[in-house]
Amino acid sequence: MDNLQLVETTRDLDFIRESLAEPDFTSMPDVKEFDQKSKNQMISFVMSGALLLSMPSEASTFEIPTEPHGQPENLLSFLNSYNSKINTPIAAYIEEVNSISIKQNYTKREVISEILSFKSLSLNWDGFGAYPLEVESASNALYLMDLIGESVFCAVDELYPNPHGTISLIWYNKGGECVSVEVGNKELSYYVKLSSKDTQYFNNVQINDQEAKRISKFIQSL
Amino acid sequence: MFGFNKVTHKSFRKNFLKTVIFQIGFDGKIFDNDKKNEIVNLFKNQFPRENKIGNRGFQVSFRDSQTPIVQPIRENEGVELKSEDGQKILTIDRTMLSLTVSGVVYRDYYSLKEDLTKIEDFLKLSNISELNRIAIRKINLVEFKLEDNANDVLSALINPNLTVNQNYFPNSEKITHNIHSLNYRDGDAFLNIKYGLNVPPNTNTKIGQILIDIDLYKLTKLESSAIFEASDEINSEIFNVFNWVLSNKTLSMLNG
């Protein structure tokens, strides 16, 4: 108890110090007459004890507002400190765990919706005579998703229709590496651009399990 | 080191590892283009892909209190190299060398050391004779389909002594995060343990994850020749902690 370091914010904390010197809390003369100020002091005492017991060594830097309406600066300081040292790091950690385990920009449903929406585009949708996405191309894109697997496919960063009725899908990372696939009515073509390596082109290949495995491996290497 | 029961080290047949990070720190060195090219050449065989850093700033905020999963580096102040399959990332800057290995390809600690065979050459090349930090962090994630009560899975996989109060939570099937954090310090050695339940948002199928994240680092002056002796000790203690966190059922799954 002698080593406890209290943070003094208001004169009410003097009460806490004095109280700690008293072995029997209930023997204090003003306990029986509980006005609002005493109640706040009691709450401050309990809160300060709980906070000091639960927090790491940086606890002594926290300030405890005893009069929330009277001293807004202390309350803000406390909240900012709490936010930066406890709340935000916890949220950031959860975000970090989610980012290393789930790399997904779209749900499966969203991917299907996007692809079907391209099918609904009208002729000349770009003003230069573009065709809407062909049924076969849309179907092949969805088939490719089945072959590659949702968890890898749905990490796609961009998907968009091309003027000649095909669909493009691009996966990339922050290092400028990418896998770009164009799916057509009968075949697909793709290229893989990895750092320090020549770009690899795969043109007019069949949409099958073997090719899907290769594309999936490239995507996972990004 | 921190009082955990010593367990004879062995390699499990299966693992739940998502990421393993090995990191060393040293006093700031000049990192010009010539130096960068020498380093790239040194590691070219194992890490042939050199990522352009560009103007992307920091990927992950770095704090002394935690080993970052991927060391953030600024443009022209470091180099980021990847293995052919992209599952291993080596980042080097003025004050740090960090190797991040995906759980998909991580076999065991001895294979990690094989990845680091060139590290002594790197230290000689950079005139580094003394380190000021050495760290290993292992993040395990056990994923499961979320059908009933995810919190029950936590109780099954983690040592029951650590989950003894789970029945006290009301509506525990509605819990999305139940993560416990322990931080130890013994002199210049620091241990961060996080374990618990995480239900990630917005996934195609509802999944839950049991997380076991063990980060052990030493902020100490260390002769570069003693690097593997120190990392052996750290890895052994991480293994002790790992066994301590798990239930017997989980340990037998790993041995199965």
Side-chain angles (χ1 to χ4, degrees), chain A residues 54-58 84-112 145-146 148-156 171-179 192-198 200 214 216-222, chain B residues 18-19 21 40 44 47-57 59-61 63 65-66 68-70 72 79-89 100 102-105 139-143 176-177 179 181-183 185 192 194 196-205 207 209 211 213:
Chain A
S54 64
M55 288 194 289
S57 57
E58 290 81 7
S84 66
K85 292 191 179 186
I86 296 177
N87 198 38
T88 300
I90 291 174
Y93 178 74
I94 291 171
E95 187 66 36
E96 199 173 49
V97 169
N98 287 334
S99 73
I100 64 166
S101 60
I102 309 287
K103 292 181 178 74
Q104 197 172 282
N105 294 321
Y106 294 86
T107 63
K108 183 180 178 182
R109 181 180 269 218
E110 284 168 346
V111 168
I112 294 171
M145 178 163 68
D146 269 341
I148 286 178
E150 292 164 22
S151 59
V152 173
F153 194 96
C154 292
V156 66
W171 293 261
Y172 51 74
N173 65 20
K174 289 176 184 171
E177 300 173 312
C178 72
V179 175
V192 180
K193 190 174 151 216
L194 299 176
S195 300
S196 309
K197 291 189 160 298
D198 292 333
Q200 298 175 74
R214 188 160 26 177
S216 175
K217 203 171 164 194
F218 283 130
I219 294 169
Q220 291 177 80
S221 74
L222 290 175
Chain B
K18 199 73 186 177
T19 312
I21 305 112
V40 169
K44 197 166 53 177
F47 303 96
R49 289 161 57 181
E50 181 192 347
N51 260 358
K52 291 180 180 48
I53 307 304
N55 288 321
R56 53 192 169 146
Q59 290 178 327
V60 178
S61 63
R63 296 191 307 265
S65 58
Q66 184 171 272
I69 295 173
V70 176
V79 64
E80 184 178 286
L81 306 173
K82 279 187 173 178
S83 57
E84 183 77 41
D85 60 6
Q87 301 301 320
K88 297 178 191 175
I89 304 172
T100 303
S102 163
V104 171
V105 298
I139 303 174
N140 299 268
L141 275 175
V142 184
E143 292 187 340
T176 57
H177 301 109
I179 297 175
S181 178
L182 301 170
N183 301 298
R185 179 177 180 174
N192 301 326
K194 291 178 183 62
L197 167 72
N198 178 47
V199 179
N202 303 328
T203 52
N204 283 319
T205 49
I207 62 164
Q209 297 169 333
L211 159 79
D213 178 352

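Bear in mind that the values here come from a model prediction, so they are computed numbers and not experimental data. Just so it is clear, the values below take in all heavy atoms, side chains as well, and ignore hydrogens, waters and symmetry mates. Here is how names work: the chains are called A, B, and so on, in the same order as the sequence lines, proteins then strands, and each is numbered from 1.
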**OP:** Check whether B:Asp85 gets within reach of chain A through its side chain, its backbone, both or neither, counting any heavy atom under 4.5 Å.
**Re:** backbone
Original post:
Non-hydrogen atoms of chain A under 4.5 Å away: do they reach the side chain of B:Ile179, the backbone, both or neither?
Top reply: side chain
**OP:** Heavy-atom distances under 4.5 Å only: say whether A:Phe218 touches chain B with side chain, backbone, both or neither.
**Re:** neither
Original post:
Got A:Ser221 and B:Lys82 here, is their nearest side-chain heavy-atom distance under 4.5 Å?
Top reply: no
Subject >> Any B:Asp213 side-chain heavy atom under 4.5 Å of A:Val97 side chain >> reply: no
For [X] versus [Y], what's the shortest heavy-atom pair and its separation?
X	Y	result
A:Ile94	B:His177	CG2-NE2, 3.4 Å
A:Ser196	B:Pro48	CB-O, 3.2 Å
B:Glu84	A:Lys197	OE2-CE, 2.8 Å

Original post:
Out of curiosity, A:Asn98 CG to B:Gln209 CD, how far, rounded to the nearest 0.5 Å?
Top reply: 6.5 Å
Original post:
Quick one: NZ on B:Lys18 to CD1 on A:Ile100, what's the gap to the nearest 0.5 Å?
Top reply: 7.0 Å
**OP:** Could you tell me whether a side-chain N or O of A:Glu96 sits under 3.5 Å from a main-chain N or O of B:Pro68, the two making a donor and an acceptor?
**Re:** no
**OP:** With sequence neighbours left out, write down each residue that passes salt bridge (charged side-chain N to carboxylate O under 4.0 Å, His left out) with A:Lys217, or none if nothing qualifies.
**Re:** none
Original post:
Excluding sequence neighbours, so at least two apart, what forms side chain to side chain contact (heavy atoms under 4.5 Å, CB included) with A:Asp146?
Top reply: A:Lys108
**OP:** Could you verify whether a donor N or O on one side chain and an acceptor N or O on the other, from B:Asn51 and A:Ser195, lie under 3.5 Å apart?
**Re:** yes
